[in-house]
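I have placed the structure first, in the form of structure tokens, so that the comments after it can refer back to it.
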Amino acid sequence: MSDSNYAVCLCGKKRLKLNETNWKRHLTFCKVAKLKKTNTVVDVQHFFTKKRKIDEDVPETEIGINLIGKIESTADNCESVDKCQVNNAPIIDSDSIHLASNSSSSEIGINLIGKIESTADNCESVDKCQVNNAPIIDSDSIHLASNSSSSGNDFKSKPSTGTNHVDLSNDPDKYKMLVDLSPTIVDFLIKKGPMQPTIEDLPTRVFPKDKFGRSFQTSWYWKSLPGNVNVRRDWLSYSVSSDKMFCHHCLLFGRNINKAWSVDGVASWPRALQSMQIHECSEAHIEASLKLKLKKISLPILPLLEEKHRRDKAINIEIVQDLIDITFFLAKNCIAFRGHKESLKEELGNRGNFLDLVHLMSKRSPCLASYITKLQLSTKKQNVSLISNIRQNQLIGSLASAIRTSIQEELKTARFFSISVDSTFDLSRKEQISFVVRYVNSTTGTVSERLIALRESSVTTGFQLFNIFEKLCADLSIDWEQYLVGQSYDGAQNMRGQFQGLKTYVQQKCPSATFIWCHAHRLNLIVAKSVGCNINAIDLFGNLESVYNFICGSKKRVAIYETKQDCYCGKRIRRLKRVATTRWMSHGYALDSILETFEAVIETLDEVRNNEGCNDQSTGHIAGCLIEYLLSKRFLLIAFCFKYIFEIFGPVSILLQSKDLDLLSAVNSIHNAQLAVQNLRDSNIFNKILIDVNNFMNKFSQFEFSDRLNQRIRRKKKMPGEEASDDPIIDPIDNFRVNTFYVCLDIINSAFKEYFGNGSIGIYKDLSLFSKKRLDEVKKNPASLPKDAFSMFCKVYGKYVDEDCLKKEYIHFSKIFNTFEENINLPKYLHGKDLIEKEGVEEEFSSESDNVTETEIEVMEPKKAFNVGSMKALYQIFHAGNLGSVFPTLNNALQIALTLPVSSATTERTFSKLKIIKTRLRTTMTNTRLEDLMLITCEQDLYKNSNKVLETFASKSTELSKMLI
């Protein structure tokens, strides 16, 4: 036997009778020999005496093998990987292998630390680079132990998939169950490539075998072609976790494909090659592979496309913000949007204010200019136009939605609110119902009244109004049954009816919703009664209406009236006012316009009588009768009497129409007006009226005034049983004072008692305690607080405030109110008026200025509250001192008191805006657009940020969201 027969391989195998061909084959492919040549593995078989399984429970005192692996990817920016093929295998450092043995003890430790570095993650040419996944060795330790007392020379472990040592981020078994893969996941899987682990990547160095001993082969990753050419199967993906094969391409882009390669997986190893050959020639697989190749080619272009998308989005956002500004400008000024020919290509013609402003803004906005130029040069209809009539409505709706959202947020923080409702008839013959809420802004501490909706209804019964109100609160998520504390309407029966009025239906579900009849409407009813109290008042305002109709009914007479006012140097031209019963204080405005332009009115009537009377006798006669009445002392007396009355009612009416007026101030102003009217009965007041009449007659001495005040005295027949007869007042002045002036005052006083009686509302007396005067009284003497204080208030609002707690907090607050008032309100002079006038700036800051005299201290007293009868001034000090947490019950009571409505004047103001918006040319406007425009123009101060409007506008359609988000 030759010496070659005794040859021994590094693995310990002898040649014996093997021929030379088989022996060379063994030496070439012997794995143990390869490992020993590279000095990367130490033979540890002689340490073990018997076979042990890895998954058996091993004591901590026995032998352990700790494998810690870590992957660090350090080649994100490789310059050229198009010709490289990276096969990731664990790189085991020689320094990381530690062997330890102890003859006396049976503990041996083997610690294997491997680091795998991948250098081809983000290549410039991903389509030409094939990256194979390297195993990720987890930091968890794997402990292997054996009994040191036993002996043996071989070590075998149970085959396992090794999922703890392989990167499973692209394991096909993990993402096969996802129905729709997002673009981000698809891009990640394309960059990652198929999962193609090798034997070296597995901790066990072997693929799992089936019951017949067959397993997956790494040679299947390659396909042999004629001419001894091997091509890698870049579609084949092996799942380590499930021990199955999948098609990477079909999983990502497959359609109507075989479920075995995309869902179930292929694990039939005897027929594996045949299945792969059949699948890679199928039409569905080829289509999926082509899609993946195209996707890989487009991957370098995607960053450029994303950058272009971001740039286009920024330009579109700037364009839309300009359009939002244009829309807000037109809406808040009640200007029409649309035109007759809405086309940017036609420079002439009525394109509408919106397109005209867009064209004007494009001269200052480069982005808008390029967009307009693109639209003008385009011959096709744009898929998404930002300036069409539909987009205009969406911009208006987005602005209104942002304002409505702000109101909802303020309502939620304020909690308590009240409601005012009114209706009117617009030009399109529709009944429009306005809803206004009143609440205390918790941020600023001020009272706000906001329009929340404008709804159209052909039926305005109390029940129908209640249904509309209930649906409105449901749409806006307003908990009115819990937090509605007040309601205010006019005197119509469908509003304040006792049985079927709106206030009755509301109080049935919310008893705390106190009804308050609008104070401004009630004051107007008193004025309406006063102007028709006697024959002189009827003649006065009847002739005022006749003068208005006579002069303003002809443009020629109006021109004459304006020309005659040239004599009033330095004064603007006045217009005659009409007497209208539905317009508050219109009687006073009509009377003032006649008295202030008295000379121009007389000269206008005289010229009309002289010029037009010759041809039209009726016109001349009417002008003569009006001149005769206006130049009579009877007119002047009754005019100046009502002038004194309107001087009392005018400021009160304006005050009652303010938004932030509280109920206590309204009651005090009405009471003061009633006292002022009663004081007019003083004889000195009437004598003053006579003096004013005489001064007026002397001022216009060029006219001849008639002094006749005598009227035919009607003698009454003396009835049987009457002993004395009525003695008529012979003096005409006294007769006018008694039968005209005093009668008018008596009717006004009786009307005050009728409309503003003490029994109108039961919580007025409790609200009077929220005044500074009452707080000072309680501070001096706490026992002066009535025993039944706040009883009526807590009876109505008992679920919000407790009566005993409210009294205690009220007494404590009265003691500290003056202290907070002095600290919050600034003094008029910080250093004293005399000190500032005499001393210079340097002396003021010297050390000697610390010696302040007593007179200077008196000057430095702070200003007191501007209105001792106002709850608003009291609450502002309360809010500025942040006392809500100290006195929570008193805070709730003050908020409720301020939330109670005073009038429904805000709803009347919305109708004034309605007449401006819905003109004769805009009667076909939809109610949704009308409501949005009303919200923008009435609550324009709530629009502060265009980003919310932009987000709302982008959500109107998918095309807009792609352009702006």
Side-chain angles (χ1 to χ4, degrees), residues 320 322-361 385-404 407 421-436 450-460 468 472 475 578 580 582-583 904-943 949 952-953 956:
V320 173
D322 291 339
L323 297 179
I324 290 174
D325 294 338
I326 293 172
T327 304
F328 180 69
F329 173 78
L330 293 174
K332 78 173 184 178
N333 292 289
C334 306
I335 303 175
F337 282 70
R338 307 287 297 279
H340 182 62
K341 293 182 179 180
E342 294 182 308
S343 176
L344 288 174
K345 297 181 180 180
E346 297 182 6
E347 297 184 359
L348 300 178
N350 183 13
R351 296 185 298 187
N353 296 315
F354 182 83
L355 293 182
D356 285 341
L357 276 178
V358 168
H359 182 72
L360 181 64
M361 288 281 290
S385 176
L386 297 176
I387 59 175
S388 63
N389 54 354
I390 298 177
R391 300 296 177 229
Q392 294 177 27
N393 291 336
Q394 291 175 348
L395 286 169
I396 295 171
S398 301
L399 277 168
S401 178
I403 293 174
R404 192 181 292 109
I407 297 175
V421 183
D422 204 352
S423 60
T424 189
F425 212 51
D426 62 6
L427 289 176
S428 60
R429 302 300 177 184
K430 293 181 180 180
E431 191 75 19
Q432 301 291 346
I433 305 170
S434 175
F435 294 88
V436 174
R450 303 289 185 183
L451 173 70
I452 58 172
L454 184 75
R455 299 299 166 86
E456 183 268 330
S457 177
S458 58
V459 181
T460 56
I468 297 174
L472 173 63
D475 295 339
R578 186 170 190 175
T582 58
R583 189 170 184 84
S904 59
T906 305
T907 57
E908 302 290 346
R909 275 190 287 269
T910 60
F911 295 149
S912 299
K913 291 290 186 180
L914 175 63
K915 292 180 180 179
I916 300 175
I917 294 175
K918 198 167 187 178
T919 59
R920 181 177 57 86
L921 300 177
R922 306 174 74 182
T923 54
T924 58
M925 184 189 306
T926 62
N927 206 71
T928 302
R929 179 186 173 100
L930 177 62
E931 180 181 354
D932 293 341
L933 290 174
M934 288 286 293
L935 272 175
I936 298 172
T937 187
C938 293
E939 312 300 339
Q940 54 186 269
D941 59 304
L942 292 178
Y943 170 68
V949 182
T952 308
F953 178 69
K956 296 294 183 180

Heavy-atom pair with the smallest gap, counting every atom of [X] and [Y]:
| X | Y | answer |
| --- | --- | --- |
| L942 | R450 | CD2-NH2, 3.6 Å |
| L930 | Q432 | CD2-NE2, 4.0 Å |
| E342 | R351 | CG-O, 3.5 Å |
| C334 | I916 | CB-CG2, 3.5 Å |

Strictly below 4.0 Å, N to O, side chains only: are R909 and D422 in salt-bridge contact? no
Atom pair [atom1]/[atom2] of [X] and [Y] - distance to nearest 0.5 Å:
| X | Y | atom1 | atom2 | value |
| --- | --- | --- | --- | --- |
| S457 | K430 | OG | NZ | 12.0 Å |
| T906 | L451 | OG1 | CG | 9.5 Å |
| L427 | R920 | CG | CZ | 9.5 Å |
| R929 | F337 | CZ | CZ | 6.0 Å |
| T327 | I936 | OG1 | CD1 | 8.0 Å |
| R391 | L395 | CZ | CG | 9.0 Å |

Using a 4.5 Å cut-off on heavy atoms from C-beta on, say whether the side chain of [Y] contacts that of [X].
| X | Y | result |
| --- | --- | --- |
| Q940 | Y943 | no |
| I452 | L472 | yes |
| L323 | V358 | yes |
| V421 | I468 | no |
| L399 | D932 | no |
| Q392 | I326 | no |

Enclosure of I390 CD1 (heavy-atom neighbours >12, cutoff 6.0 Å):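 No.
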Have [X] and [Y] got a donor and an acceptor in their side chains that come within less than 3.5 Å?
| X | Y | answer |
| --- | --- | --- |
| N927 | E456 | no |
| S428 | K918 | yes |
| T460 | S423 | no |

Starting from the C-alpha separation in whole Å, work towards a yes-or-no answer on side-chain hydrogen bond (donor to acceptor under 3.5 Å, both in side chains) for S401 and T952. CA-CA 8 Å; S401 178; T952 308; 4.7 Å; no
Could you walk me through whether R404 and E939 pass the salt bridge (charged side-chain N to carboxylate O under 4.0 Å, His left out) test, one step at a time? CA-CA 9 Å; R404 192 181 292 109; E939 312 300 339; over 6 Å; no
